[in-house]
Amino acid sequence: MTAVARVIVDVPSRETDRTFDYLIPDRLSGWVEIGTRVAVPFGGRTLQGIVTGLGADAEVELARMKPLEDVLDAITPLSSELVQLGVWMSKRWLCPLTIALQAMLPAALKGRAEKYVFPAEGAEWSDEETAQSGGLLHALRKGQPLKLSGLLQHYPEHGDLLRRWLLDGRLEERQKVEDRLSVKTVQTVFPSDAETLKRAVAELPARAHKQREVLAYLADQPEPIGVQRLAEAVSTTPSTIRSLAERGWIDIRAVTEDRDPYADRDFPVSLPMQLTPAQAAALLPINDALEQRSNEVFLLHGVTGSGKTEVYLQAIQRCMESGREAIVLVPEIALTPQMVERFKSRFGARVAVLHSRLSQGERYDEWRKIREGRAQVAVGARSAIFAPFSKIGLIVIDEEHETSYKQEESPKYHARDVAVERARLHGAVVVLGSATPSLETYQAAVDGGRPKYIAMPERVADRPLPGVRIVDMREELKLGNRAMFSRELAEALRDRLDRNEQTVLLLNRRGYATFVMCRSCGYTAACPHCEISLTYHRGSHNLRCHYCGYAEAEPKVCPSCESPHIRFFGTGTQKVEEALAEAFPGIRVIRMDVDTTTEKGSHEKWLTQFRERRADVLLGTQMVAKGLDFPYVTLVGVLAADAALRLPDFRASERTFQLLTQVAGRAGRHELPGEVIIQTYDPEHVSIDSVRGHDYKGFVTKELHVRRQLGYPPYGRLIAITLSHESVPMLLSVGEQFAMRIREKAAALGISSDFTEPGRAALEVLGPVSSPIARLKDRYRFQCMVKYRGDVDASFLASQVLQEMGDAVKRGGLQVSVDVDPQMML
DNA sequence: AGCACGCCGACT
DNA sequence: GTCGGCGTGCTC
C-alpha cells in the first residue's frame, strides 16, 4: 500500500484540469493533507500544486508516479471545505479548478518555479572559456546555486554560453517553487536572565561602554525588543548589540511580525446602540436563525439611512458570542476608512480587513491573522468571501446589488453566489443588505421565499428621505440656458453656500473629455488596436486607449480632413470643477475620481477634508454615491443622469436607478433635511422618474415586466461565450459551429427554442456577433449568447461543446472565454 | 501553459 | 551533413 496525493497542478488549461497522482515521500508524510500547497515535478519542470485528495492507491501504475518534491507551507493554506468550494466554483463558472483555488490564496502565495544554476561535480572549464564568460563562471564557481533569471539579467550577452554548458552537462539546473513574498521578520533581542546580565557586565572589557549601556537597558526592561529599536533607545548601532550576542550574553532571533496597516490608528470603542423598533424587528429573525444554526438567507431591504450597518454589527456580535466567525463583504468603493472604523471600533483586534489598497504583504498578514485564528471577523471586498475561517456562522453582503461582486476575470465568480454556497457548507446564515436590491435577489425573495424578505422602510430617528426634484434640461436649453447647471441647481447651490452647508455632485462619467471629435467631418479618434474611442488626458496632452494603453499625441488638426475644428467632447469632472469656480467664485471643491484617488490614502484624505467642512462641494463619479455619511450634506445634485442609460446593456435601467437612489441617499442623513436635484434629458424614463418618489417597488414592477417579456434575468439566464482571433472568417466559422452544436444538443434533449410560451423550458443561442468591444489587442472578438430558462443545464451543454471543439480551437489558435451569468454586457 | 519530440529548409 | 524552425502531444 502506498500513500498517494492527488494534486491539481497550477496549469490553467482544459487538458490539465484533473488530478495527477504523486507518491508522498516519508520525509513529508504528516505534512500532506487536503489543501496543502506542494511543489511537484510535472513534465520536466517543477510546479506548484494543491492537494485535493489522498489515497492509499494510485490511479496510474506505480512506475509512472513521481514523488512530491516539497510542501510549501507549514500551515496548510486551504481547508478541505475551501477545496470543496473550489470544485463547486469550477463547475458553476466553467473554469479550471486551479484557477478557482488560486483565487482563494493571497497573492503572496502564488508560487512560481525559479530555476537555479550551479556547476556539476568535477566540471572543468578552460582559461579561454573563463575569460570569455566575463565573470559569469567566476560567480557560478563560488558555490551557491544562482537564479537563472538573475544570471540572464546580469549577463544578457552570455545567454548562449549558459545554454551550451547546461546542454553539455557542465552546468546543472534545479527548480524550486518560491513564494512571491515571505513573512516580514524582525531581528529581536531576547535578554538573558538578570543573573547572566550581571555577570556579563562584570566580564566585559572596561572600555565597552556602549555594550554596558545596552545591558543596563535590558536589565531594566527585560522584554524582547527589536535590534533596531534597542539600538535607537541607547543611541548606538546594531553592531554593538550583535557583539553582545556573539559573546553569548544575549540571544538574537528572527521573529515574524505582522504588517498591521491600522497599527498606528486608535479606534474609539463603540458599544452596541439602542436599536429602533424597525432595526430590532429586522434583527430578530436573523438572530433566531443564528441560534438555530439554520442555513438561512435573508434579504434586508432597508432604505438609505435606515441603519442596516448597526443590524449587521449586532448580528455579528451574536454570531461571535456563539463561538463562530463572520465575513462581511462590502463593495470595494465603499470600503472607506469610515466603514472600517465602525467595525474596528466595535470589535477591535478581532477584525481583519482585506482590500485592494493594502500592499501584498499587508494583505498576506491579515490573511494569516484569519487562518491562524487570531481574527473572528473579516471585512473586505469580493475576495474576502474566501477568508480562511473554519467555523463560519454569518456572512453579510452589504449593497448586495453592486456589480463589483462579480469578478470580470477568470474565475468569473459572483461573490453573492459563493457566499450562499459557502454558508450552506458551514450551516451559516447569509444576510444580503441593500436599499436597492438586484432584481435577481428581489424576485427570488418575493416569488420564491428564499431569501427571506425583511424590510426597513424608514430612516432612523424619523428622519425623512430627501425630496427629489427632476429638472428637464431640454427646457433649460429652450430657455437659453446652455450652462452645465440648471437654474434650479445653481440656486440650490448658492443657497447651501450661504448657509454653510455641503453639497455632493455626481457626474456619471470620468476623465476631462471622453472622446475627440471633428466638427467638420465627424472623425473620432479611435485606438488602432481595439476600436475603442481614445480618451483625452489633459495632464499629458495625449489620447489614450483605456483597454490596451495605446497613446498618441493630441491632434492639432483633424487627421482625416485637416480641419482645425477638432475639439474635445463630453464633460468630465475637471470641466465641472472649472465651471463651478467660474459660477461661484471662491467655492471650495474636492474632486474625487480615478485621477485624484490613485495614490494610496488619497481617498481617505479627501473624505476627511470634506468631513471637516474644509470644502463646500464634493464632486465625483460613482465613488461619491456609495456609503458616505456626512452630517452637513443637505444637497445632492446629479449632472447627466441619463448618461449611463444609453449603454447597450439590458441592466442599464436598473443600474441607473440604483445609482441615483444611492446618491440621493447621501443627503439629509442627520439633523438637517436634505434635497436632491437630478438633471436629465429624459425625465419620463422609469429609472429617473421612480427616484422622485423613492419608489423602488414601482421601478421593479415595471422593470421585471420588461425582463419577463424578453426572457432576461431573473426570468432567464445567460452564458456569454467570447471568441477572439486575428482573423474574422475564422471567428465566424468557429462561432457558427459553437452555436450550431449547442442548438443541436438542446434540441436532442427536447428543449424548445421558443420563448413565447410562458413557463416552458427553452434555450436559444444568439450570434455569433461582433462583440461590443470588437477588437482588443489586435484580435477581433465575436460572441455567442446562450439564453435559457427553466430546467436546463446550459453550462453543462456549453462545457461539452467546448470540450468537443477543444482541438479545433487549439489548432486554430483561438481564445475562448466563457462568462456564466454575465453582469456586464460590454 | 511549457517543454520534448519530431520532421523539413538555409547554413558551417 | 547539422542547426534550428515551430506543429503536435503529454505531463502522475
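As a basis for the values below, the full set of heavy atoms in this structure was taken, side chains included, without hydrogen atoms, waters or symmetry mates. Labels below follow one simple rule: chain letters A, B, ... track the order of the sequence lines, proteins then strands, and each chain is numbered from 1.
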- [ ] In plain terms, say whether A:Glu366 and A:Arg371 are close enough for a salt bridge, that is, a side-chain N and a carboxylate O under 4.0 Å apart.
- [x]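 No, this pair does not count.
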Task: Residue from A:Asp417, A:Asp821, A:Asp819 passing salt bridge (Lys or Arg N to Asp or Glu O under 4.0 Å) with A:Lys406 - done: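 When salt bridge (Lys or Arg N to Asp or Glu O under 4.0 Å) is applied between A:Lys406 and each of A:Asp417, A:Asp821, A:Asp819, only A:Asp819 qualifies.
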TODO: Identify the 5'-most and 3'-most nucleotides of DNA chain B with at least one atom closer than 4.0 Å to a non-hydrogen atom of chain A.
DONE: B:dA1 to B:dC3
Provide a list of protein-nucleic acid N or O atom pairs under 3.5 angstrom, restricted to nucleotides 9-11 of chain C.
from	atom 1	to	atom 2	distance (Å)
C:dT11	OP1	A:Arg64	NH2	3.4
C:dT11	O3'	A:Gly43	N	3.1

Open item on the list: Distance alone, cut at 3.5 Å: any donor-acceptor contact between the side chains of A:Arg779 and A:Ser724?
Closed with: yes
Task: Lys NZ or Arg CZ of A:Arg741 over A:Phe738 ring: under 6.0 Å, within 45° - done: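 Here A:Arg741 fails the 6.0 Å and 45° test against A:Phe738.
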TODO: Using the ring of A:Phe20 (Phe, Tyr or Trp, six-membered ring only), decide whether A:Arg18 places NZ or CZ under 6.0 Å from its centre and within 45 degrees of its axis.
DONE: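 Output yes; distance and angle both within limits.
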- [ ] Can you tell me the distance, in whole Å, between the CD1 atom of A:Ile24 and the C1' atom of C:dC12?
- [x] 13 Å
Task: Rounded distance (Å) that lies between atom C1' of C:dC12 and atom CG of A:Asp17 - done: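 Those two atoms, CG and C1', are 15 Å apart.
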Open item on the list: Suppose we screen for ring pair (Phe, Tyr, Trp, His ring centres under 6.0 Å). Which residues come up paired with A:Phe386, at least two apart in sequence or across chains?
Closed with: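 Listed in chain order: A:Tyr413.
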- [ ] Measure from the side-chain N and O atoms of A:Glu129 to the backbone N and O of A:Ser126, and report whether any donor-acceptor pair falls under 3.5 Å.
- [x] yes
Open item on the list: Please report the interatomic distance CD1(A:Ile721) to CD1(A:Ile719), rounded to the nearest 0.5 Å.
Closed with: 6.5 Å
